[in-house]
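Side-chain atoms are counted along with the backbone in the values below, which use heavy atoms only and exclude waters and symmetry mates. Predicted, not measured: the structure shown is a model, and the values here were computed from it. Protein chains get the first letters and strands the later ones, always in sequence-line order, with residue 1 at the start of each.
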Number of protein chains: 2
Amino acid sequence: MRILLVEDDGLLGAAVRDSIAAEGHAVDWARRLGEAEECRAVARYNVILLDLMLPDGRGLDFLKRLRLAGETMPVIILTARDQVSDRIAGLNAGADDYLVKPFDLSELSARIGAVTRRAAGQAAPVVTFGDVTIQLAERAITRSGKALALTAREWAVLEALLGRPSGLVSKSEIEERLYDLDAEVESNTIEVYIARLRKKIGHARIVTERGLGYRLVR
Amino acid sequence: MRILLVEDDGLLGAAVRDSIAAEGHAVDWARRLGEAEECRAVARYNVILLDLMLPDGRGLDFLKRLRLAGETMPVIILTARDQVSDRIAGLNAGADDYLVKPFDLSELSARIGAVTRRAAGQAAPVVTFGDVTIQLAERAITRSGKALALTAREWAVLEALLGRPSGLVSKSEIEERLYDLDAEVESNTIEVYIARLRKKIGHARIVTERGLGYRLVR
DNA sequence: CGCAGGTCTTCAGGTCGGTGTCAGGTTGGG
DNA sequence: CCCAACCTGACACCGACCTGAAGACCTGCG
């Protein structure tokens, strides 16, 4: 496994590098964002460990650039900030995990394991369907540049459809995702939400297959 | 998205349930491991939120049973324990994330997002017959690259034929798969659907064996 | 508390296409 | 040649689906 460590603190950086190397992984250590960009251009990484406060810029911006470029590798943020709002911002920018300094090196390696176990099959945090761009992480969606406003239920239906990229999702499947065991629904609610979604993202984006379900098309 | 919350604390549980429901997700709330097992037997979940200290057992054991049973859905642990060794044990038992109480509800939802984004996209089984490619799970079928549209009944017949790869399937066998006991059919329906399937996937793909049944060939 | 603005769900009327049936043609075995 | 089994185009019906509208519900605000 190949890991990119972005960290300006010499002591902590060396400790992390050694600990990861001791587990048999390859580590490239960038001390500034500039270096990190160079590394990224040269090599592909399985995991990126990212400090947020760096001499030449904010780690979050690096992360956002990464995700906008379509990169999907797991990113674990390492930082002294432990404000909840910071952690949320990090996760919403597309980070996969968050460790607050000081952290235990064995916990770091456990988290690297957890995060890469998931990385086998990835859904891109940014999905594009025709003129519609969806940022799942931030619950933001635009159509030809203009922001759309989806309600909670509309998001839920959209997520259900996205869960099977270009695959078929049955109405009952959507229903199961929307409603818990107690609250059973006896109506055409799903059809209504499909109609509303179509009105917002374009009718052709969702095709009906009678008796089977719905399918997202690009 | 459908979420199973396993938490015995009434106050925290209610808060978590409401916060998640407000985002349009369906929540089933189990207060004990026994309930959690029941829920799991009945419904499929996209995420499980798991408290570790429960009246009738340890959450970690539940998690281990889950993973042993081959379940791969993301699990986020919620607990008051913040010992590093506990967190490592949780992650190594197959948890995908870990939140220490008290936690912010918006951070929880950010983490649910991060964890499910990773979870999508396992490879679906693909069957190929000549120039026809079939993705059973996604109900997608192409002939020499072009997508075909099959109706519900056509899929059912095709599945019946695929159920016995390159084997013989009798007409009555197909009939039994298509229609439940009550619905009696008195006509040549199966023949009609065989004809329709042939027109779409190529006549040579299905051969008739007089008096016996049909056979898929590649 | 009442109101406004929004969301969720239900309902009803209309459309449309899959489904099952039939009839006439074709094939293959005895 | 004859008959049974099978093929296939055509067609009417019914239920799945669509959609506008309106009632139920929630939430924040004055």
L212(B) CG - dA4(D) P separation (whole Å): 18 Å
Can you check whether T208(A) has a side-chain N or O nearer than 4.0 Å to OP1 or OP2 of dC18(D)? yes
N/O to N/O distances under 3.5 Å, protein versus nucleotides 12-15 of chain D:
| unit_1 | atom_1 | unit_2 | atom_2 | d |
| --- | --- | --- | --- | --- |
| dG15(D) | N2 | R210(A) | NH1 | 3.2 |

Is the closest basic N to carboxylate O distance between E138(B) and R215(A) below 4.0 Å? no
Partner set under side chain to side chain contact (heavy atoms under 4.5 Å, CB included) for V192(B), not counting sequence neighbours: N188(B), R196(B)
Strand contacts (DNA chain C) in residues 147-156 of chain A, 4.0 angstrom heavy-atom criterion: T151(A), A152(A), R153(A)
Tell me, please, which residues at least two apart from Y193(A) pass side-chain hydrogen bond (donor to acceptor under 3.5 Å, both in side chains). none
Taking only the side-chain heavy atoms of R198(B) (C-beta and beyond), determine which of dG20(C), dT10(C), dC7(D) contains the nearest atom. dC7(D)
When you measure from the side-chain N and O atoms of Y179(A) to the phosphate of dC8(C), is any distance below 4.0 Å, counting only OP1 and OP2? no
Is the shortest side-chain N/O distance from K171(B) to OP1 or OP2 of dA5(D) below 4.0 Å? no
Please name all residues satisfying side chain to side chain contact (heavy atoms under 4.5 Å, CB included) with A156(B), sequence neighbours left out, ordered by chain then number. L178(B)
Do any N or O atoms from the side chain of R2(B) and from the backbone of H25(B) form a donor-acceptor pair under 3.5 angstrom? no
Salt-bridge present (R31(B), E7(B); N to O < 4.0 Å): no
If only side-chain N and O atoms of T189(A) are considered, is one of them under 4.0 Å from the OP1 or OP2 phosphate oxygen of dC8(C)? no
Quick one: do D97(A) and R111(A) make a salt bridge, cutoff under 4.0 Å? yes
Between dT19(C) (C1') and I190(B) (CD1): distance, integer Å: 12 Å
Whole-Å distance separating the CD1 atom of I194(B) from the P atom of dA5(D): 17 Å
Quick one: is Y214(A) getting a side-chain N or O under 4.0 Å of the dC18(D) phosphate, OP1 or OP2? yes
Can you give me every donor-acceptor pair (side chain of residues 14-22 of chain B, partner residue at least two apart or in another chain, under 3.5 Å) with its distance?
none

Please identify each residue that fulfils side chain to side chain contact (heavy atoms under 4.5 Å, CB included) with E173(A), with sequence neighbours left out. R164(A), V169(A), S170(A)
The criterion is side-chain hydrogen bond (donor to acceptor under 3.5 Å, both in side chains); which residues satisfy it with R153(A), sequence neighbours excluded? none
Rounded to the nearest Å, what distance is computed from the CD atom of residue E175(B) to the P atom of nucleotide dG20(C)? 10 Å
NZ/NE/NH1/NH2 to OD/OE distance under 4.0 Å, E209(A) and R139(B): no
Taking all atoms of both residues into account, what is the closest heavy-atom pair of I48(B) and Y45(B), and its distance? CG1-CB, 4.4 Å
How does protein reach along nucleotides 20-27 of chain D, written 5' to 3' as B (base within reach of a heavy atom under 4.0 Å), S (only sugar-phosphate), or - (no contact)? S-------
What integer distance in Å separates L197(A):CG from dC17(D):P? 16 Å
Tell me: CG of L178(A) to C1' of dT9(C), nearest whole Å? 12 Å
Listed partners of T133(B) passing side-chain hydrogen bond (donor to acceptor under 3.5 Å, both in side chains), at least two apart: none
Using C1' atoms of five pairs at each end, report the bend of the helix from dC1(C)-dG30(D) to dG30(C)-dC1(D) rounded to 10 degrees. 30°
Whole-Å distance between dC6(D) P and Y193(B) OH? 18 Å
Take atom CD of E191(B) and atom C1' of dG20(C), then tell me their distance rounded to the nearest Å. 13 Å
Applying side chain to side chain contact (heavy atoms under 4.5 Å, CB included), can you list everything that pairs with R58(A), at least two apart in sequence or on another chain? L60(A), D61(A)
